[in-house]
Amino acid sequence: MNSKSVTYTLQPGGSISGRIRVPGDKSVSHRAIMLGALAEGSTEVSGFLEGEDSLATLQAFRAMGVQIAGPEQGRLSIQGVGMHGLQAAEQALDMGNSGTAMRLMTGLLAAQSFSSVLSGDASLSKRPMKRITEPLRTMGAAIELEQGEFAPIRISPAQLRAIDYQMPVASAQVKSCLLLAAMYAKGRSVIHEPAPCRDHTERMLRGFGYEIEVQGSSVSLSGGGKLHATNIEVPADISSAAFFMVAASITPGSDILLEHVGINPTRIGVINILRAMGADIEYVREYEAGGEPVADIQVRYAQLQGIDIPQDQVPLAIDEFPVLFIAAACAKGSTRLSGAEELRVKESDRIQAMADGLAVLGVRHEVQPDGIIIHQSEFGGGEIDSLGDHRIAMSFAIAALRARQAIIIHDCKNVDTSFPGFAGLASKSGIRLQVQ
Ligand code: S3P
């Protein structure tokens with residue numbers, strides 16, 4: 001199927017209710033494969049995201065000789081090959097749409113004794129890669145980029161040395177890429193982040209028994225250690241749950257329970273922001289799974305208020321802004337986002353892609369270089385191009401709950417990268433969505 005072949009048609013109105021569990025966390029799923037493959041022994045994973053992005057990571061490790069059984073209903077069994085047991089793949093490793101897979105794998109492969117090539121789809125081939133190759137080259141990596149900036153990434157074998165690196169952007173992908181490379185480097189590496197960003201790699205390294213130190217905004221580890229197989233229970237992805245949190249928050253009569261959602265403090269920006277806007281979000285049960293905090297979350301309708309989104313929440317909600325823009329358009333007054341220029345280099349330029357769709361619906365807004373101001377507006381209807389960006393497609397599907405006319409969203413195939421089954425869960429919960 002080509003990527004233009006899925007269209008969502010949404011009838012206006014409705015509300016959502018019930019109890020749902022969204023698929024497994026994408027960030028945790030990628031990392032489970034990577035660390036499980038490098039560990040000694042067999043790692044059992046449950047709750048794995050069977051989406052195209054994490055499946056691309058799984059295929060890449062199979063292509064490098066790792067035996068992985070599954071996935072079957074989110075269960076995987078990975079026979080770890082140890083830190084030095086990967087084998088050269090016969091072909092380029094196709095990372096599809098996934099920036100996380102490409103950037104983390106580059107760190108890992110830069111330290112191997114064989115050459116590799118990493119390629120991606122049209123969107124991934126336009127995303128910035130110098131942010132990882134510059135520090136990796138400082139570590140001694142031998143990497144070539146297309147036109148000096150983009151994928152495909154060509155990696156030759158190299159001996160890495162440790163790095164002390166101040167990251168210019170708060171990016172968990174850059175941090176994780178460097179931590180994976182640092183496991184193979186001579187000496188102790190220290191990585192400083194300008195603001196807290198997701199820490200799944202640090203948590204999971206500990207879970208696999210790798211010594212790692214976190215002090216304030218710095219993470220350090222020494223090369224030459226080992227990973228010991230463990231079992232990983234992947235929580236439901238808060239980034240996928242976010243669509244239903246906003247859906248319930250903006251629609252009178254809505255009341256939904258989201259089960260087993262990961263509430264890692266470095267991921268809950270969407271909850272903090274919605275609560276600051278007046279949302280009714282309650283953790284009904286909190287517990288821990290696989291080294292990550294988890295909760296069942298109840299969300300009920302509440303009239304939202306516009307806010308200035310606090311800067312410290314931006315990296316913690318970086319993937320949830322498209323759907324937060326839909327919430328903002330329903331909030332009294334105006335909502336202002338700044339300091340979010342990173343949104344321009346995601347699967348699409350998410351500031352512009354959202355602004356274009358909001359304009360179609362008649363939502364008043366002002367685009368800024370590093371954010372957007374959104375004014376409370378009624379939603380009309382119309383045809384929207386998701387630009388092949390999964391989160392843009394799902395965000396406008398949520399907007400239909402408050403629209404006065406039908407919304408047609410084009411190019412929705414990539415929803416499968418992060419949220420297989422979205423259309424079914426959305427329909428089940430009350431969104432009037434049809435897929436063509
Ligand atoms: C991710 C980090 C974030 C996020 C992406 C997943 C990760 O990217 O947008 O969807 O798993 O590390 P950046 O670290 O580049 O902000």
Side-chain angles (χ1 to χ4, degrees), residues 30-31 34-35 37-39 57 60-61 63-66 81-89 92-93 95 99-120 124 127-194 197 201-202 204-205 208 210-215 217-227:
H30 282 300
R31 288 159 171 83
M34 294 178 192
L35 299 191
L38 297 175
T57 296
F61 280 90
M64 291 189 289
V66 181
V81 294
M83 295 298 286
H84 299 281
L86 295 177
Q87 295 159 22
L93 299 168
M95 299 292 100
T100 305
M102 182 166 276
R103 295 197 177 110
L104 271 59
M105 299 273 294
T106 301
L108 186 60
L109 294 177
Q112 305 302 315
S113 57
F114 52 83
S115 299
S116 310
V117 179
L118 294 169
S119 62
L124 185 52
R127 296 182 64 188
M129 293 297 153
K130 270 173 38 186
R131 55 179 58 196
I132 52 166
T133 55
E134 280 175 359
L136 285 173
R137 282 186 186 133
T138 306
M139 297 175 82
I143 307 180
E144 293 305 322
L145 294 177
E146 195 76 14
Q147 295 163 42
E149 293 195 53
F150 304 113
I153 302 180
R154 292 169 206 286
I155 304 167
S156 304
Q159 282 287 334
L160 302 188
R161 48 188 176 269
I163 190 171
D164 187 323
Y165 188 64
Q166 174 66 52
M167 295 198 301
V169 279
S171 163
Q173 292 182 358
V174 175
K175 174 174 63 173
S176 304
C177 162
L178 298 178
L179 288 173
L180 293 177
M183 291 197 297
Y184 291 89
K186 198 164 182 307
R188 191 163 184 86
S189 295
V190 193
I191 298 155
H192 311 273
E193 49 185 2
C197 50
T201 306
E202 296 91 305
M204 206 182 280
L205 279 171
F208 277 89
Y210 204 103
E211 185 272 328
I212 173 164
E213 195 184 344
V214 180
Q215 264 194 336
S217 57
S218 304
V219 192
S220 59
L221 64 75
S222 297
K226 279 185 183 171
L227 298 166

- Message: Are the side chains of L109 and F114 in contact, using a 4.5 Å heavy-atom criterion?
- Response: yes

- Task: Examine the side chains of S217 and H192 and answer whether a donor and an acceptor come within less than 3.5 Å of each other.
- Result: no

- Task: Not counting sequence neighbours, which residues clear side-chain contact (heavy atoms from CB on, under 4.5 Å) with A170? List them please.
- Result: P194, A195, P315

- Query: According to the salt bridge (Lys or Arg N to Asp or Glu O under 4.0 Å) rule, which pairs have a member within residues 156-175, sequence neighbours left out?
  - Reply: K175-E193, K175-E202

- Query: Does any non-hydrogen side-chain atom of M64 lie less than 4.5 Å from one of L93?
  - Reply: yes

- Query: Do the non-hydrogen side-chain atoms of M183 and L205 ever get within less than 4.5 Å of each other?
  - Reply: yes

- Just jot down the ring pair (Phe, Tyr, Trp, His ring centres under 6.0 Å) partners of Y184, sequence neighbours excluded, or say none. H84

- Note on the structure: The salt bridge (charged side-chain N to carboxylate O under 4.0 Å, His left out) partners of R188 (sequence neighbours excluded) come to E211, E213

- Exam field: side chain Q112 to backbone L108, donor-acceptor pair closer than 3.5 Å: yes

- I153 versus L145: any side-chain heavy-atom pair under 4.5 Å? yes

- Item | Side chains of T138 and Y165 in contact at under 4.5 Å (non-hydrogen atoms) | no

- Item | Spacing of OG belonging to S156 relative to CD belonging to E144, to within rounding of 0.5 Å | 7.5 Å

- Query: Taking C-beta and beyond as the side chain, do R131 and Q173 meet within less than 4.5 Å on heavy atoms?
  - Reply: no

- Message: Using the side-chain contact (heavy atoms from CB on, under 4.5 Å) criterion, which residues pair with A141? Sequence neighbours excluded.
- Response: A110, L136, I143, L160

- Query: Distance-only, no hydrogens or angles: does the S189 side chain make a donor-acceptor pair with backbone N or O of L221 under 3.5 Å?
  - Reply: no

- Message: For M129 versus A151, what's the shortest heavy-atom pair and its separation?
- Response: CG-N, 4.1 Å

- Atom pair CE (M102) and CE (M95), whose distance is rounded to the nearest 0.5 Å: 7.0 Å

- Message: As an exercise, state the distance from CD of Q166 to OG of S218, rounded to the nearest 0.5 Å.
- Response: 7.5 Å

- Note on the structure: d(L180 CG, M34 CE) to nearest 0.5 Å is 7.0 Å

- What residues, two or more places apart in sequence or in another chain, satisfy side-chain contact (heavy atoms from CB on, under 4.5 Å) together with P157? S115

